[in-house]
Every structure is written in structure tokens, then in C-alpha cells.
Amino acid sequence: MKALITFEGIEGCGKTTQIRMAGEYLGNQKIPYIITEEPGGSPLGKKIREILLNQEPYLIGARAELLLFSAARAQHVEEVILPALQAGKLVLCDRFSDATLAYQGFGRALNIDFIKTLNDFSSPSLKPDLTLLFDLPVKIGLSRARDRITRVRNSPREDRFENEELAFHRQVREGYLSLVKEEPERFRVIDASQDIATIHREVCRYLASFIRR
Ligand code: Z5A
């Protein structure tokens with residue numbers, strides 16, 4: 001079965017934890033799948049990820065940021081996602097085009113219609129078939145994300161976004177919730193303030209019902 005399933009949400013919402021557990025669930029069901037991420041799912045994307053997420057001693061304006069995320073997506077779609085779909089696999093993707101609308105559109109206040117056009121350009125005729133949105137209050141998400149950054153000392157800090165104001169993260173959360181209103185049939189909203197095992201059971205229920213359909 002081929003489909004693109006995206007995992008979205010604000011920082012620290014637990015999507016990365018859940019995407020790994022979802023992969024194990026699919027593996028147990030003998031369903032072929034890959035797990036990938038944005039930015040970073042291709043070699044070019046990894047380079048762009050370093051530029052975008054680490055605190056560097058130079059400026060990255062909102063427009064340049066948008067174009068870099070889009071460049072990473074264009075390469076990722078061509079090099080990783082489309083070949084996996086063509087091979088009949090389920091693609092589980094940690095963030096995709098909705099992240100650009102939520103962060104650069106709602107968070108950075110760039111033009112939403114332009115971002116939609118750019119999303120269509122970087123991932124031609126490819127839309128997620130199902131999107132799981134892990135929703136939780138911004139303060140809880142940020143405190144989880146910051147705990148993780150201080151604990152994981154040997155990898156790059158990737159804290160450029162975590163250092164944004166609370167108001168920025170609130171706009172991103174509101175942005176995601178308004179995307180749900182636009183396309184309620186594609187999104188499933190999960191209360192990400194619950195414990196990991198409870199959330200995993202909910203994810204499995206949504207995956208099972210999607211696969212049955
Ligand atoms: N970005 C953008 O602006 N535009 C775009 O188009 C795209 C991305 C594609 C990197 O994304 C940044 O890029 C992101 C938006 C921007 N902003 N930031 N930062 P990312 O997805 O790579 O990075 P992230 O958002 O920080 O996600 P993450 O680091 O992978 O965290 P997560 O997926 O939200 O959560 P986690 O790693 O699974 O969990 C975080 C911690 O909480 C960890 O210690 C867990 O053990 C813990 N955790 C997880 N679940 C729970 C529960 N249920 N209870 C308690 N603790 C939990």
C-alpha cells in the first residue's frame with residue numbers, strides 16, 4: 001500500500017517519539033514503510049537542516065528561511081518520497097508542507113497563498129493522504145523540547161526555533177489548528193499532553209482505520 005502520512009505539531013509535541021513507535025507497529029503488521037523527516041530527509045536536506053536549525057553567527061531572514069525549507073522539500077520529494085511511494089511503501093514523514101504554512105505562514109506572517117503555491121512547486125501533485133497533528137499547549141511543548149536539548153549534549157543544539165518568543169509558538173499552534181478547519185477530512189488531532197503509551201494507542205487506531213479504508 002502506498003501513501004504519505006505526515007506527523008505534525010509544535011516543538012516538543014512528541015511526534016518524533018510517536019513516528020518511531022508507529023514504524024514498529026507497521027513493521028509488526030508486515031507493512032512496508034519508511035520513516036523520513038523534513039528538513040533532513042535527503043543529503044541536501046541534512047545540510048540545509050544544519051543551516052536552519054543551529055544558531056549560526058549570521059542572519060537568516062524569513063524569506064530566505066522559507067526558500068531553504070522549500071529547497072529541502074523539493075529534493076526530499078524527488079529523491080526519497082516519490083521513489084518510496086513508487087515502490088509501494090507507506091511513507092511516514094516527520095513534518096511536511098503543513099509545517100511551512102504553520103511556521104513561515106502563521107509564525108513569520110509570510111503570505112499564505114504564496115506559500116501554498118511554493119508548496120505545490122516543491123512537491124508537485126503530492127499531498128499527504130493523512131496528517132496526524134499532535135496538539136498541546138505551547139508551554140508544555142517548549143519545556144519538553146528544552147529538557148531534551150539540555151540532555152542530549154553530544155549532538156548539535158538545533159535550538160534556533162526554540163529560542164523564538166512564546167507568541168511565535170502560539171501563532172504556529174493556532175496556524176496548525178486553522179489548517180485542520182480547512183481540511184478536516186485529512187487531519188486527525190491528537191491530544192499530545194497525554195502519556196506516550198496512550199498517544200501511541202490512538203496513533204495505531206488511526207493508522208489501522210486508514211489502512212482498512
Ligand atoms: N520547520 C519550519 O519552520 N518549516 C518547515 O517547513 C519545516 C520545519 C519542515 C525542526 O523541526 C524545526 O523546523 C521546527 C520547525 C521548523 N522547529 N523547531 N525546533 P523538527 O521536527 O526536526 O524539530 P522539533 O519540532 O523540535 O521536533 P523534535 O525535536 O523532533 O521534537 P518532537 O518531535 O516534537 O518531540 P520528541 O522528540 O518526540 O519529544 C521531545 C521530548 O519530549 C523528548 O525528550 C521525549 O522523550 C519527550 N516526550 C515525548 N512525548 C512525550 C509525552 N507524551 N509526555 C512526556 N514527554 C514526552
Side-chain angles (χ1 to χ4, degrees), residues 6-23 35-42 45-46 48-55 60-77 80-81 92-110 112 115-116 118-119 121-123 128 131-153 155-165 168-169 171-173 175-176 179 190-203:
T6 55
F7 287 55
E8 296 276 4
I10 60 164
E11 274 67 61
C13 65
K15 62 189 171 38
T16 304
T17 305
Q18 292 299 330
I19 207 168
R20 289 194 194 120
M21 295 169 81
I35 293 179
T36 187
E37 65 171 354
E38 287 204 359
S42 70
K46 283 191 178 41
I48 294 178
R49 184 179 180 95
E50 282 172 28
I51 295 171
L52 281 171
L53 301 195
N54 302 344
Q55 285 284 7
I60 304 177
R63 287 158 199 258
E65 181 184 276
L66 168 64
L67 294 171
L68 285 166
F69 277 118
S70 300
R73 176 157 317 121
Q75 190 62 33
H76 184 215
V77 166
V80 177
I81 298 184
L92 305 184
C93 191
D94 192 336
R95 295 196 186 281
F96 194 63
S97 43
D98 295 311
T100 319
L101 287 165
Y103 280 82
Q104 281 64 53
F106 289 86
R108 304 274 191 231
L110 293 178
I112 297 282
I115 296 176
K116 286 183 178 171
L118 199 55
N119 280 347
F121 178 75
S122 49
S123 50
T131 297
L132 304 180
L133 175 62
F134 297 86
D135 180 57
L136 85 174
V138 164
K139 280 193 175 166
I140 305 179
L142 284 179
S143 109
R144 284 186 195 168
R146 285 180 183 137
D147 277 0
R148 195 214 39 220
I149 287 168
T150 13
R151 261 187 291 116
V152 186
R153 287 182 184 280
S155 56
R157 285 178 64 87
E158 294 198 339
D159 56 0
R160 195 168 73 87
F161 280 88
E162 276 79 1
N163 290 334
E164 289 290 338
E165 299 288 324
F168 171 83
H169 294 283
Q171 279 157 5
V172 172
R173 182 186 184 199
Y176 272 124
L179 295 176
I190 295 173
D191 174 0
S193 62
Q194 305 174 93
D195 64 82
I196 291 175
T198 306
I199 298 171
H200 175 59
R201 281 195 295 277
E202 210 168 318
V203 169

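Ligands are counted one by one from 1 in listed order, and the atoms in each one are counted from 1 as well.
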Considering heavy atoms of the protein only, find what lies nearest to [atom] and give residue, atom and distance to 0.1 Å.
atom	value
atom 55 (C) of ligand 1	Arg144 NE, 3.5 Å
atom 45 (C) of ligand 1	Thr17 OG1, 4.0 Å
atom 17 (N) of ligand 1	Glu11 OE2, 2.5 Å
atom 26 (O) of ligand 1	Glu162 OE2, 3.3 Å
atom 10 (C) of ligand 1	Leu53 CD1, 3.4 Å
atom 35 (O) of ligand 1	Gly14 N, 3.2 Å
atom 6 (O) of ligand 1	Thr100 OG1, 2.7 Å
atom 3 (O) of ligand 1	Gln104 NE2, 2.9 Å

Examine distances only and state if a side-chain atom of Glu38 and a backbone atom of Phe69 form a donor-acceptor pair shorter than 3.5 Å.
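Checking the backbone N and O of Phe69 against the side chain of Glu38, no donor-acceptor pair under 3.5 Å is found.
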
Check whether any side-chain N or O of His169 sits under 3.5 Å from a backbone N or O of Lys139 as a donor-acceptor pair, and report yes or no.
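No, the answer is negative, given that no donor and acceptor are paired below the 3.5 Å cut-off.
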
With a 4.0 Å cut-off on heavy atoms, is Ile10 touching ligand 1?
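Yes, that is the case, since the closest heavy atom of the residue is under 4.0 Å from the ligand.
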
With rounding to the nearest 0.5 angstrom, report the [atom1] to [atom2] distance, [X] to [Y].
X	Y	atom1	atom2	result
Gln104	Arg63	CD	CZ	13.0 Å
Lys15	Asp94	NZ	CG	3.5 Å
Asp195	Arg201	CG	CZ	7.0 Å
Leu68	Leu52	CG	CG	5.0 Å
Thr131	Phe96	OG1	CZ	9.5 Å
Phe7	Arg20	CZ	CZ	12.0 Å

Would a 4.5 Å heavy-atom cut-off, applied to side chains only, mark Glu202 and Asp191 as touching?
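They are not in side-chain contact.
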
Does ligand 1 have a heavy atom under 4.0 Å from the side chain of Leu52, from its backbone, from both, or from neither?
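Within the 4.0 Å criterion, Leu52 makes no contact with ligand 1.
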
Which of the listed options, [options], holds the heavy atom that is closest to [atom]?
atom	options	value
atom 27 (O) of ligand 1	Arg160, Lys15, Arg148	Lys15
atom 9 (C) of ligand 1	Glu8, Glu38, Gln18, Arg20	Glu38
atom 1 (N) of ligand 1	Phe69, Tyr103, Phe134	Phe69

Apply the salt bridge (Lys or Arg N to Asp or Glu O under 4.0 Å) test between Glu11 and each candidate in Arg173, Arg146, Arg160, Arg95; give the one that qualifies.
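Result for salt bridge (Lys or Arg N to Asp or Glu O under 4.0 Å) with Glu11: Arg95.
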
Geometric N/O contact [X] with ligand 1, under 3.5 angstrom:
X	value
Arg95	yes
Cys13	yes
Glu37	no
Glu65	no
Gly12	yes
Thr16	yes

Once the angle between the rings of Phe168 and Tyr103 is folded into 0 to 90°, is it parallel (under 30°), tilted (30 to 60°) or perpendicular (over 60°)?
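Answer is tilted, since the angle falls between 30° and 60°.
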
Within the 4.0 Å heavy-atom shell around Ile199, which atoms of ligand 1 are there?
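Result: 53 (N).
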
Numbered atoms and elements of ligand 1 in range of Arg73, under 4.0 angstrom, heavy atoms
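In order of numbering, the contacting atoms are 6 (O), 9 (C).
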
What do the steps show when you test Ile196 against Met21 for side chain to side chain contact (heavy atoms under 4.5 Å, CB included), and what is the final call?
CA-CA 10 Å; Ile196 291 175; Met21 295 169 81; 3.6 Å; yes

Can you check side chain to side chain contact (heavy atoms under 4.5 Å, CB included) on Glu164 and Arg108, steps first, answer last?
CA-CA 11 Å; Glu164 289 290 338; Arg108 304 274 191 231; 2.9 Å; yes

